[in-house]
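Values below: all heavy atoms of this structure, side chains included; hydrogens, waters and symmetry mates excluded. Numbers restart at 1 for each chain; the letters A, B, ... are given by sequence-line order, proteins then strands. Predicted model, so just to flag it, every value in this text is computed and none were measured.
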2 protein chains.
Amino acid sequence: MKGIRQLAEHLDISIGTVSRALNGKPDVNEDTRRRVLAAAEELGYVANQSGRSLRQGVTNVIGLMLEVSRETVENSDDFFLGVTDGLQSVFSRHKLDLVMLPCPDDEDPHEYLKRMVARRLVDALIISATRRTDRRIELLEKARIPFVALGRSASGGSYTWMDLDFEGVAARGVDRLVAKGHRRIAVAAPSSDINLGYIFLDSYRQALKRHGIPFDPALIIRVKSSEQGGYQAGHELLMIEERPTAIILIHELMAIGLYRRLAEAGIVPGRDLAVVGFREEPRTHFLQPSLTSFRMSLRDLGAQLGETLLATMPAYADHYPQGARNRIWPLELVPGESDAFTLTG
Amino acid sequence: MKGIRQLAEHLDISIGTVSRALNGKPDVNEDTRRRVLAAAEELGYVANQSGRSLRQGVTNVIGLMLEVSRETVENSDDFFLGVTDGLQSVFSRHKLDLVMLPCPDDEDPHEYLKRMVARRLVDALIISATRRTDRRIELLEKARIPFVALGRSASGGSYTWMDLDFEGVAARGVDRLVAKGHRRIAVAAPSSDINLGYIFLDSYRQALKRHGIPFDPALIIRVKSSEQGGYQAGHELLMIEERPTAIILIHELMAIGLYRRLAEAGIVPGRDLAVVGFREEPRTHFLQPSLTSFRMSLRDLGAQLGETLLATMPAYADHYPQGARNRIWPLELVPGESDAFTLTG
DNA sequence: CTGAAAGCGCTTACAG
DNA sequence: CTGAAAGCGCTTACAG
């Protein structure tokens, strides 16, 4: 079966009628429609997407750009797979399909995105891992393609974004630790230019200030956002002269590496050092002593992200009257044993 | 900037010449080409992919179908991200782009694939996680779309596949353990219909036979291919009446859960129980005692997979004269401490 | 070296 | 309710 023309010939009707029948248009004789549907099924006909796209001006595909850094691969980040699920639950309502666009390690993300936009194989895009300065945002604004950034950035104009509540995590982490008597609170922050690092540290500093604790740059440990990074953070923490009594982590997997390094040094979280982890994750469940961390639903985040994106698209905005508001996604503190002690003296 | 027509008008030349200039055809005046390129850059023109695809009959996009099962999400499988890297290194040579097609959890993979094929947004496909009976293979054969299966199946005709050497892992695992005096060797096998389970178990039984050891079905522990599954396997192993002295795992993450369960029971791998893990992985490196496992390069596998796929595509087959051969990907044994003892008595 | 024209496979006003 | 025709944005023989 080649195209609609062959199908129409086979049925001995016009291609227009075939098209209308297949697309569920109302002005088609029910008997005709049945015949068309049956023949299409039998001959395995389905409309060529390029033909449809060209005529209709839309692809009905949404792209999620991924940066497959070596770091991501090694840590096997579950984040995107979880979010994907939520996205699809929303997109499927409108017969939109999601494709993931993995930017190769050795290609500049900006160039990659440019090419993807140029090809127009998606109607809209989601970008993530936004950096402090992120040219992708201007690129997308200029291309006038609907998009939502998962993560804030200092770049661009008034684009739509969603982001995790990094400031809330930092603030609550500090508050909690200070309440338990800590004053030397370290932070494992990302070594990259990723924007969440700035937000997190700003909030951390403000929280300290609120409590009248002077900021000590020596307590900012720059490591990769990974299990390895957590190990490294543990290593560096042990070498700080006046050793911190607590540490707040900025990535879920850091806790695993940190625990390992601490164990090597005979240091017990929740007894010798207070540890506040980041996102609760199946793998962090097994840590002993249990980790104080923050809970969120990846799927719900994905669904919200999907709705926000659709709200930016003229064709779907009507369904999402809340509009394309920027949102900070809350995380709920889940107390564990890793910081369950009060500092005395 | 709308389309090639506007660009041509702006330059006051024909759209044919613009197209030829942009596509690097030789029969264009160099001066004309420069002008066209400059104007395209300035006005931000790029060819609409639907128009190109419709005319040329190809999309220049390759799809990698993913099944985002809850299991995959929770285990944050790094497998595909690693393979992706290798795939792209090959595809980029031909200006082909890779998109990942995540099949939603709640959708039938067969229906999903059918839709993706129908839309024709890719020129070729890679499917994975093949099951013993896998209708996707017949679907793709019938649709006459080039594809390679990552994983074997009993379905379909003479399609092209690549697969890990599960039989080799099972055979070498058994040989190694028997040489160390073991005769009751358990296997943690997948509870699903995934084809690799059949291959693995066949090879396991053959290896036992070779050594004259009777097969005991009680030693086949069916669990999920995950960290949780490994924990569960440990749990069930402890309840087997005549306890096995060794276990071979069929998934990389199982080792982590298994170690955890064993630790709870005070059983030390490499002393009380011999453990042979599956694929070596950053996370399995940290296990104590070190795990005997099998090494392979995800990136190399991806590159080979990419070349195999291109060899099945008429437009690229010339570049890959080795043809679309089926391949079993070898894994190299990396001895660890987890099975480093000899059974006496 | 360039232009005019055909046509890829669809959908959709429009006419009847 | 159906058909004939236009046209989405390209690329590519073909003619000059």
Tell me whether the side-chain N/O atoms of B:Q56 come closer than 4.0 Å to OP1 or OP2 in C:dC8.
no
With heavy atoms under 4.0 Å as the rule, sort B:T32 into base, sugar-phosphate or nothing.
sugar-phosphate
Look at A:T17 and D:dT2 and indicate whether a side-chain polar atom (N or O) is within less than 4.0 Å of OP1 or OP2.
no
Just compare D:dC10, C:dT11, C:dG9 and give me whichever is closest to any side-chain atom of A:R52.
C:dT11
Look at B:Q49 and D:dC10 and indicate whether a side-chain polar atom (N or O) is within less than 4.0 Å of OP1 or OP2.
no
N-O pairing of B:E138 and B:R135 below 4.0 Å
no
Starting from P on C:dG3, measure out to CG on B:N29 and report it in whole angstrom.
11 Å
Could you go through the side-chain contact (heavy atoms from CB on, under 4.5 Å) check for A:L309 and A:V90 one step at a time?
CA-CA 10 Å; A:L309 180 63; A:V90 172; over 6 Å; no
For the pair made of CD in B:E9 and P in C:dA4, what is the distance, rounded to whole Å?
12 Å
Measuring from the side chain of B:Y45 (C-beta onward, heavy atoms only), which nucleotide among D:dC10, C:dG9, D:dG3 has the closest atom?
D:dC10
Should B:H110 and B:L113 count as side-chain neighbours, where that means a heavy-atom distance under 4.5 Å?
no
Charged N to carboxylate O below 4.0 Å: is that the case for A:D27 and A:K25?
no
Between the side chains of B:Q49 and B:S53, does any donor sit under 3.5 Å from an acceptor?
yes
What does the 5'-to-3' dot-bracket notation of DNA chain C look like when only Watson-Crick and G-U wobble pairs under 3.5 Å count, and pairs to other strands show as |?
|||.||||||||.|||
Any base atoms under 4.0 Å from B:S50, or only sugar-phosphate, or nothing? Heavy atoms, all strands.
nothing
What is the separation between atom CD1 on A:I15 and atom C1' on C:dG9, rounded to the nearest whole Å?
8 Å
What nucleic acid atoms does B:G16 come within less than 4.0 Å of, heavy atoms only: base, sugar-phosphate, or nothing?
base
Hey, which of these two, A:A47 or B:R55, hits DNA chain C nearer its 5' end, going by closest nucleotide?
B:R55
Between atom CD in A:Q6 and atom C1' in C:dG9, what is the gap in whole Å?
10 Å
Under the side chain to side chain contact (heavy atoms under 4.5 Å, CB included) test against B:L125, which residue among B:V117, B:I62, B:V148 passes?
B:V117
Under 6.0 Å between ring centres, would you say that holds for A:Y45 and A:H10?
no
Please state how far atom CZ in A:R33 lies from atom C1' in D:dC1, giving the value in whole angstrom units.
11 Å
How close or far is atom C1' of D:dT11 from atom CZ of B:R5, stated in whole angstroms?
12 Å
Does a side-chain N or O from B:N23 land closer than 4.0 Å to OP1 or OP2 of D:dT11, or not?
yes
Expressed as a whole number of angstroms, how long is the span from B:N48:CG to D:dG7:P?
18 Å
Check B:R131 with B:D193, please: is the shortest side-chain N to carboxylate O separation under 4.0 Å?
no
Which nucleotide in the set D:dT11, D:dC10, D:dC8 lies at the smallest distance from any side-chain heavy atom of B:S19?
D:dT11
Salt-bridged, A:E67 to A:R136, with N to O below 4.0 Å?
yes
Mind listing the N/O atom pairs, protein and nucleotides 14-16 of chain D, below 3.5 Å?
none

Whole angstrom is fine here: how far is it from CD1 in A:I4 over to P in C:dG9?
11 Å
Side-chain heavy atoms of B:L140 within contact of B:Y159, under 4.5 Å
no
